[in-house]
*Asks:* 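The structure's right below; bear with me while I get my questions together.
Keep in mind that the numbers below use all heavy atoms, side chains included, and drop hydrogens, waters and symmetry copies.
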Amino acid sequence: MSVDNPVTVLSEDESWSLLSTVSLGRLVTVRGTRAEIFPINFATQRRTLIFRTAQGTKLYNAVMGEGVAFEADDHTDTEGWSVIVHGRAHLLTSNDDVLDAEETELQPWPATWKPHYVRVIPTEISGRRFKFGPQPTGPLAISEHA
């Protein structure tokens, strides 16, 4: 990443590595024409995402919809990153699947009952790293907006 190119596309490995360093992201579901965004705490496990939830809109939309999107990010004073995952959400119902998910030691953040584990199996992952700095001026700035 350089001053000339403040955005770097991350590899799949880099994206998973960064996702494993944070525990809060945003799950996006679509029902009809309405998108819903839910902040969730999550864990990564073998290139999948695991989250816990209770009965309700989030669970229903996630597992009954055609797919989900998920985004997590982080930043410092000088740079940031964002990773987006598209995939399918699956409610874990077998004892083996639940025991496997419990190995992540994922606990709900709010003091609420969240008995259901959901695994998001990605169909696509993309990530970007951003170098912060002043907005460019001159011909480069003009050509980017033309």
Side-chain angles (χ1 to χ4, degrees), residues 1-136 140 144-146:
M1 187 168 13
S2 68
V3 175
D4 295 336
N5 188 7
V7 179
T8 302
V9 174
L10 301 173
S11 71
E12 190 172 319
D13 288 341
E14 291 170 311
S15 295
W16 282 111
S17 179
L18 287 170
L19 278 180
S20 70
T21 68
V22 295
S23 57
L24 180 65
R26 287 152 295 283
L27 180 74
V28 181
T29 65
V30 178
R31 185 170 181 194
T33 59
R34 182 177 173 91
E36 299 280 353
I37 302 172
F38 302 94
I40 60 169
N41 67 305
F42 72 98
T44 60
Q45 186 181 51
R46 295 183 307 278
R47 295 192 176 216
T48 67
L49 303 171
I50 302 281
F51 68 93
R52 293 178 68 171
T53 189
Q55 290 289 110
T57 303
K58 181 189 337 171
L59 177 61
Y60 181 82
N61 287 359
V63 301
M64 297 303 289
E66 293 184 24
V68 297
F70 172 83
E71 190 268 348
D73 55 42
D74 201 5
H75 70 279
T76 66
D77 289 342
T78 59
E79 66 180 27
W81 60 265
S82 172
V83 173
I84 297 173
V85 174
H86 291 92
R88 294 279 309 178
H90 301 272
L91 176 63
L92 303 183
T93 56
S94 77
N95 285 340
D96 287 344
D97 288 343
V98 171
L99 289 172
D100 186 44
E102 286 179 346
E103 289 181 10
T104 66
E105 299 183 7
L106 179 65
Q107 295 296 317
W109 280 3
T112 58
W113 182 246
K114 301 209 184 274
H116 302 291
Y117 283 92
V118 177
R119 182 181 304 275
V120 176
I121 299 175
T123 56
E124 180 183 341
I125 183 168
S126 61
R128 306 280 185 279
R129 187 180 299 276
F130 311 99
K131 181 77 173 167
F132 300 153
Q135 177 176 307
L140 178 61
E144 287 179 353
H145 300 290

*Asks:* Under the side-chain contact (heavy atoms from CB on, under 4.5 Å) criterion, do L18 and R129 qualify, and how do the steps go?
*Replies:* CA-CA 10 Å; L18 287 170; R129 187 180 299 276; 3.7 Å; yes
*Asks:* Within the distance-only criterion (no hydrogens, no angle test), does the side chain of Q45 pair as donor or acceptor with the backbone N or O of D100 below 3.5 angstrom?
*Replies:*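 Indeed, once roles are kept as given, a pair shorter than 3.5 Å links the two residues.
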*Asks:* Can you name the residues that form a side-chain hydrogen bond (donor to acceptor under 3.5 Å, both in side chains) with S82, not counting sequence neighbours?
*Replies:*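 If we apply the side-chain hydrogen bond (donor to acceptor under 3.5 Å, both in side chains) test to S82, skipping adjacent residues, the hits are E71.
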*Asks:* How long is the straight-line distance from CZ of R128 back to CG of L10, given to the nearest 0.5 Å?
*Replies:*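 One finds 8.0 Å between CG of L10 and CZ of R128.
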*Asks:* Using side chain to side chain contact (heavy atoms under 4.5 Å, CB included) as the criterion, list what pairs up with E124, not counting sequence neighbours.
*Replies:*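 Listed in chain order: H86.
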*Asks:* Looking at A54 and P115, what are the two nearest heavy atoms and their distance?
*Replies:*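 Closest pair (atom of A54, atom of P115, distance): CA-CD, 4.1 Å.
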*Asks:* Report the distance from atom NZ of K114 to atom OG1 of T53, rounding to the nearest 0.5 Å.
*Replies:*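 Rounded to the nearest 0.5 Å, the NZ-OG1 separation comes to 5.0 Å.
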*Asks:* Before giving the answer on side-chain contact (heavy atoms from CB on, under 4.5 Å), spell out for L49 and T44 the whole-Å C-alpha distance, their side-chain angles and the decisive distance to 0.1 Å.
*Replies:* CA-CA 5 Å; L49 303 171; T44 60; 3.9 Å; yes
*Asks:* I would like to know whether M64 and R31 meet side-chain contact (heavy atoms from CB on, under 4.5 Å); could you show each step before the answer?
*Replies:* CA-CA 9 Å; M64 297 303 289; R31 185 170 181 194; over 6 Å; no
*Asks:* So, using side chain to side chain contact (heavy atoms under 4.5 Å, CB included) as the criterion, who are the partners of Q55 when residues are at least two apart?
*Replies:*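 Side chain to side chain contact (heavy atoms under 4.5 Å, CB included) list for Q55, sorted by chain: L59, H116.
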*Asks:* Taking side chain to side chain contact (heavy atoms under 4.5 Å, CB included) as the test, write out the residues that go with R34, two or more places apart.
*Replies:*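 Here the qualifying residues are E36.
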*Asks:* Within this structure, what is the OH-CZ distance for the pair Y117 and R52, rounded to the nearest 0.5 Å?
*Replies:*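 Spacing of OH (Y117) from CZ (R52) equals 3.5 Å.
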*Asks:* Got a list of side-chain donor-acceptor pairs under 3.5 Å for residues 89-99, not counting sequence neighbours?
*Replies:*
residue : atom : partner : partner atom : Å
S94     : OG   : D97     : N            : 3.1
S94     : OG   : D97     : OD2          : 3.2

*Asks:* So for atom CZ, which belongs to R26, do other residues, nucleotides or ligands contribute more than 12 heavy atoms lying within a distance under 6.0 Å?
*Replies:*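 More than 12 heavy atoms, drawn from other residues, nucleotides or ligands, come within 6.0 Å of this atom.
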*Asks:* Under the ring-ring contact (aromatic ring centres under 6.0 Å, His included) definition, can you give me all pairs with a residue in residues 17-66, not counting sequence neighbours?
*Replies:*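 As it turns out, the ring-ring contact (aromatic ring centres under 6.0 Å, His included) pairs with a partner in residues 17-66, which skip direct neighbours, are F42-F70.
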